[in-house]
Amino acid sequence: GHLSNDQTAELVAGIAGLSLSAPEPARYKVDQRVESRVDLSAFGQGEQVQNQAFVWFISISYSDSSGGTVLHAVLDSAQIDMGMMPVPQASVDSLKGTVFHGWMDPTGRVQSLSVSRPSTLASQVEGALKGFHPRLKAGASTGQSWLDTLDIDTKTVQASTKTRTISTYTMGGAETMNGV
């Protein structure tokens, strides 16, 4: 009989003593706090402050790709406090199992990210994932600092937001991890 391509690959890997299974995903707890300030002085009111808190439990696996890294993230669970705007528990529970799949360039910037179940809450997780990995500067040496600007435009049926994050990074040193 003939072997399929998958069976042939498994046979060759078995003979060579290699494993074709992907590495175990890394599990993260992302604690995100958002403070929004709105100046309502034009309407005869003062500044309005809104605080929101999000905790995302995410499993992320990484695999090498041509010139970068493929990332595959699954939202395991979430805790959400939107302050004055309560979020129904059913909406929070519906996030469980949402899959985010994308590609990250060698600097750590997520260039593309798709979501299995788009929603306003899923877009919040998407924004957190885009800013999750530190950005590297090619040729940076120990002690060197640089700025990185991350602009995230989020459009859903319920809202359209633009967020700009400016981060300062300092190269602490370099070490080899998993051959990289």
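Treat the numbers as computed from the prediction; the structure is a model and nothing was measured. We use all heavy atoms of the structure for the numbers below, so side chains are in, but hydrogens, waters and symmetry mates are not. Count residues from 1 along the sequence.
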K.L.:
Do you know which two heavy atoms are closest between A140 and W146, and how far apart they sit?
P.N.:
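That closest heavy-atom pairing would be CB-CZ3, 3.7 Å.
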K.L.:
Can you give me the closest heavy-atom contact between S145 and T170, atom names plus distance?
P.N.:
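Looks like OG-OG1, 2.8 Å.
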K.L.:
Any non-hydrogen side-chain atom of L121 less than 4.5 Å from a side-chain atom of S91?
P.N.:
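The answer is yes; the side chains approach within 4.5 Å.
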K.L.:
Following the transitive rule for hydrophobic clusters with a side-chain heavy-atom cut-off under 4.5 Å over Ile, Leu, Val, Met, Phe, Trp and Tyr, establish whether V74 and F132 coincide in one cluster.
P.N.:
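Each belongs to a different hydrophobic cluster.
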K.L.:
Distance-only check: which donor-acceptor pairs under 3.5 Å involve side-chain atoms of residues 45-59, not counting sequence neighbours?
P.N.:
unit_1: E47; atom_1: OE1; unit_2: R37; atom_2: NH1; d: 2.8
unit_1: W56; atom_1: NE1; unit_2: Q32; atom_2: OE1; d: 3.2
unit_1: S59; atom_1: OG; unit_2: D76; atom_2: OD2; d: 2.7

K.L.:
Work out which heavy atom in V92 is nearest to a heavy atom in A78; give both atom names and the distance.
P.N.:
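Distance-wise, the nearest heavy atoms are CG1-O, 3.4 Å.
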K.L.:
Where do A122 and V115 come nearest, in terms of heavy atoms and distance?
P.N.:
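Smallest interatomic distance, heavy atoms only, reads CB-CG2, 4.1 Å.
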K.L.:
Please check: side-chain N/O of S65 versus main-chain N/O of G68, any donor-acceptor pairing under 3.5 Å?
P.N.:
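Between the backbone of G68 and the side chain of S65 there is no qualifying donor-acceptor contact (under 3.5 Å).
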K.L.:
Walk me through it: do D148 and K137 pass the test side chain to side chain contact (heavy atoms under 4.5 Å, CB included)?
P.N.:
CA-CA 9 Å; D148 183 84; K137 181 178 178 181; over 6 Å; no
K.L.:
To the nearest 0.5 Å, how far apart are OH in Y169 and CG in L136?
P.N.:
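Output value for this atom pair is 8.5 Å.
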K.L.:
Tell me every residue that passes salt bridge (charged side-chain N to carboxylate O under 4.0 Å, His left out) with D151, counting only those two or more places apart in sequence or in another chain.
P.N.:
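Checked D151 against salt bridge (charged side-chain N to carboxylate O under 4.0 Å, His left out); matches are R164.
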K.L.:
Are side-chain N/O atoms of T98 and R117 paired as donor and acceptor at under 3.5 Å?
P.N.:
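There is such a pair (donor and acceptor under 3.5 Å, judged by atom type) between the side chains of T98 and R117.
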K.L.:
Looking at side-chain heavy atoms only, is the closest gap between I60 and L129 below 4.5 Å?
P.N.:
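Touching, per the 4.5 Å side-chain cut-off.
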K.L.:
Measure the CZ-CG distance between R109 and L150 for me, rounded to the nearest 0.5 Å.
P.N.:
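So the gap between those two atoms works out to 5.5 Å.
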K.L.:
Any side-chain heavy-atom pair from D93 and K96 closer than 4.5 angstrom?
P.N.:
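D93 does not reach K96 side chain to side chain.
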K.L.:
Could you measure the distance from the CZ atom of R135 to the CG atom of L147? Nearest 0.5 Å is fine.
P.N.:
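Atom-to-atom, R135:CZ and L147:CG are 12.0 Å apart.
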K.L.:
Do you know the tightest heavy-atom contact between G97 and S116?
P.N.:
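Scanning both residues, the minimum pair turns out to be O-OG, 4.5 Å.
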K.L.:
Side chains of L95 and I80: closer than 4.5 Å at any heavy-atom pair?
P.N.:
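A side-chain contact exists here, since the closest heavy-atom pair is under 4.5 Å.
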K.L.:
Working to the nearest 0.5 Å, report the span between OG of S123 and CG of L113.
P.N.:
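The OG atom of S123 sits 11.5 Å away from the CG atom of L113.
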K.L.:
For residues Q124 and V34, report the shortest heavy-atom separation together with the two atoms involved.
P.N.:
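Where Q124 meets V34 most closely, the heavy atoms are NE2-CG2, 4.1 Å.
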K.L.:
Do Y28 and L75 share a hydrophobic cluster, counting only Ile, Leu, Val, Met, Phe, Trp and Tyr and linking them when any side-chain heavy atoms are less than 4.5 Å apart?
P.N.:
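Same hydrophobic cluster.
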K.L.:
Please tell me whether I166 and M171 are part of a single hydrophobic cluster in this structure, the criterion being side-chain heavy atoms less than 4.5 Å apart.
P.N.:
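Per the 4.5 Å side-chain linkage, I166 and M171 are not co-clustered.
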K.L.:
Does the side chain of Q79 come within less than 4.5 Å of D81's, by heavy atoms?
P.N.:
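SC-SC contact between D81 and Q79 ruled out.
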